[in-house]
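Taking it in order: structure first as structure tokens, then the write-up.
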There are 2 protein chains.
Amino acid sequence: MRQAEELCEDQGAALTPLRRDVYELLLRHDRPVGAYELLDELKSLRPKAAPVTVYRALDFLLDLGLVHRVNALNAFSACRGHETDHRGLVLICRSCKATVELEDRKVDNTIRRSAAELGFETGDGPVEVLGTCAGCRG
Amino acid sequence: MRQAEELCEDQGAALTPLRRDVYELLLRHDRPVGAYELLDELKSLRPKAAPVTVYRALDFLLDLGLVHRVNALNAFSACRGHETDHRGLVLICRSCKATVELEDRKVDNTIRRSAAELGFETGDGPVEVLGTCAGCRG
DNA sequence: CACTAAATGTAATGTTATTACATAATATAT
DNA sequence: ATATATTATGTAATAACATTACATTTAGTG
Ligand SMILES: [Zn+2]
Ligand SMILES: [Zn+2]
Ligand SMILES: [Zn+2]
Ligand SMILES: [Zn+2]
């Protein structure tokens, strides 16, 4: 949270109470959370909240890199343990939906180089990798 | 198409006229196509088609590995130029939504090894990488 | 032919995300 | 301080994507 405040300060971005609430809700989870699930939780704090309320706050947080969108799950997770503008991996278990985020320069470099050969410039944010976690095997 | 027929033959899977229609529609595009866009096209061939018609055919094709789902775009594309059960990359331009699929053993190995260190076993299907294509830069 | 399993038809509904416009709060300039 | 512009939030409706449930048809099997 402190880091988020500093980041917003630096960037001249307004971390309003509403945006802070959404961010804090995400921080409470150790897994990606759907926007409507988040909305349910937010409503207990802010009865007026509507879908667009959540999506707007998420957009703000996504732009800052404080939050990631996990396309494979249509869900959002607070970024942890990395610098903003990082390019790592997020491993997603097909079975239990658990995710792990990790930084990996080697993977990042390999991908970036392959993409560059085709004139393609990779963006930021982690790459999603689907598979099966240790727990969900035998 | 010929390859698809052989694959179905081998697997004892029924490539019905409907499923073939959906697959052929996908083959006509060189980009991922949304299910409802596909539905519109399918309707000109089969007026009775409904959303579930398309999704069922897509599930069939996905299981065989003939088609990929692109999570970043909520869309589907026919797999080209690779073996089934391959693990490559699909580069997706954030700006124009164009995609390129490529095989890359190095990237695949690097990812798989990193994931394995955490007891995570990567699945099949290409990894999605977002970025900017050559055309969309300057 | 009778039976079964697989595929498709049909309708409704669930889930995720966006658009449009009104109101309120905040910053900037005079 | 007041007027103005900008940014943020409220409110309602709708769009876009996907699934469920059950009826009917078609294709395979004995
Ligand atoms: Zn992160
Ligand atoms: Zn798992
Ligand atoms: Zn492929
Ligand atoms: Zn492009």
Side-chain angles (χ1 to χ4, degrees), chain A residues 4 8-9 11-23 25-26 29 31-64 66-77 92 94 97 128, chain B residues 4-5 8-9 11-26 29 31-64 66-77 92 94 97 128:
Chain A
C8 289
E9 185 79 14
Q11 310 251 342
L15 186 60
T16 63
L18 171 60
R19 289 162 176 173
R20 178 185 296 259
D21 282 350
V22 171
Y23 184 51
L25 286 175
L26 275 174
H29 294 276
R31 60 174 176 88
V33 183
Y36 278 73
E37 187 181 349
L38 220 43
L39 174 58
D40 280 344
E41 297 176 359
L42 185 62
K43 273 180 175 165
S44 66
L45 301 172
R46 296 172 175 271
K48 292 176 183 170
V52 73
T53 312
V54 170
Y55 283 105
R56 287 199 281 225
L58 287 171
D59 282 346
F60 173 86
L61 297 165
L62 287 167
D63 282 348
L64 289 170
L66 290 171
V67 164
H68 299 304
R69 176 182 161 77
V70 181
N71 288 319
L73 302 175
N74 290 336
F76 304 84
S77 63
I92 305 164
R94 277 208 176 85
K97 313 302 182 198
E128 300 176 20
Chain B
E5 284 163 357
C8 289
E9 185 79 14
Q11 311 251 342
L15 186 60
T16 63
L18 171 60
R19 289 163 175 173
R20 179 187 294 261
D21 282 350
V22 171
Y23 184 51
E24 284 181 343
L25 286 175
L26 274 174
H29 294 276
R31 60 173 175 87
V33 183
Y36 278 73
E37 187 180 349
L38 221 42
L39 174 58
D40 280 345
E41 297 177 359
L42 185 62
K43 274 181 174 164
S44 66
L45 300 172
R46 298 172 174 269
K48 292 175 183 171
V52 74
T53 313
V54 170
Y55 282 106
R56 285 199 283 226
L58 288 171
D59 283 345
F60 172 87
L61 297 165
L62 287 167
D63 282 348
L64 289 170
L66 290 171
V67 165
H68 299 304
R69 176 178 162 79
V70 180
N71 289 319
L73 302 175
N74 289 337
F76 304 84
S77 63
I92 304 163
R94 276 208 177 85
K97 313 302 182 197
E128 300 176 20

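What you are looking at is a predicted structure, and each value in this text was computed from that prediction instead of being measured. So that the names make sense, note that chain A is the first sequence line, chain B the second, and so on, each numbered from 1.
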Do Arg56(A) and dG10(D) have a side chain to base donor-acceptor pair shorter than 3.5 Å?
yes

Checking dT10(C), dT9(D), dA17(C) against the side chain of Arg19(A) (C-beta onward), the nearest is dT9(D)

Of the nucleotides dA17(C), dG10(D), dG9(C), which has the atom closest to the Ala35(A) side chain?
dA17(C)

Verify whether one side chain among Glu128(B) and His68(B) offers a donor that lies under 3.5 Å from an acceptor in the other.
no

Please determine if a side-chain N or O atom of Arg69(A) lies less than 4.0 Å away from the OP1 or OP2 oxygen of dA17(C).
yes

I need the NZ-P distance between Lys48(A) and dA8(D), as an integer number of Å.
18 Å

Closest heavy-atom pair and its distance - Val67(A), Leu62(A)
O-CD2, 3.1 Å

Across the strands shown, which category fits Ala14(B) at heavy-atom distances under 4.0 angstrom: base, sugar-phosphate, nothing?
sugar-phosphate

Give the C-alpha distance, both sets of side-chain angles, the deciding distance and a yes or no for side chain to side chain contact (heavy atoms under 4.5 Å, CB included) between Asn71(A) and Leu73(B).
CA-CA 9 Å; Asn71(A) 288 319; Leu73(B) 302 175; over 6 Å; no

Which residue, Leu18(B) or Tyr36(A), contacts DNA chain C at a nucleotide closer to its 5' end, judged by nearest heavy atom?
Leu18(B)

For the pair made of CG in Asp21(A) and P in dA8(D), what is the distance, rounded to whole Å?
16 Å

With the side chain defined as heavy atoms from C-beta on, Val52(A) is closest, among dA18(D), dT19(C), dA17(C), to dT19(C)

Atom pair distance, as rounded to whole Å: CD in Glu37(A) and P in dT15(C):
12 Å

dT10(C) P sits how many Å from Leu39(B) CG, rounded?
13 Å

In whole Å, what is the span from the CG atom of Leu58(A) to the C1' atom of dA17(C)?
11 Å

Side chain of Ala50(A), heavy atoms from C-beta onward: which of dT11(D), dT18(C), dT16(C) has the nearest atom to it?
dT11(D)

Pair Arg20(B)-Glu5(B), side chain to side chain contact (heavy atoms under 4.5 Å, CB included): steps then yes or no
CA-CA 9 Å; Arg20(B) 179 187 294 261; Glu5(B) 284 163 357; 2.8 Å; yes

Rounded to whole Å, the CG-C1' distance (Asn71(B) to dA18(D)) equals 13 Å

Could you state the atom-to-atom distance from CG of Asp59(A) to P of dT19(C) in whole Å?
10 Å

Report yes if a side-chain nitrogen or oxygen of Tyr55(A) is closer than 4.0 Å to either non-bridging phosphate oxygen (OP1 or OP2) of dA17(C); otherwise report no.
yes

Return the value, rounded to whole Å, for the distance between atom CG of Asn74(B) and atom C1' of dT16(C).
9 Å

Would you call Tyr23(B) and Leu66(B) a side-chain contact if the rule is heavy atoms closer than 4.5 Å?
yes

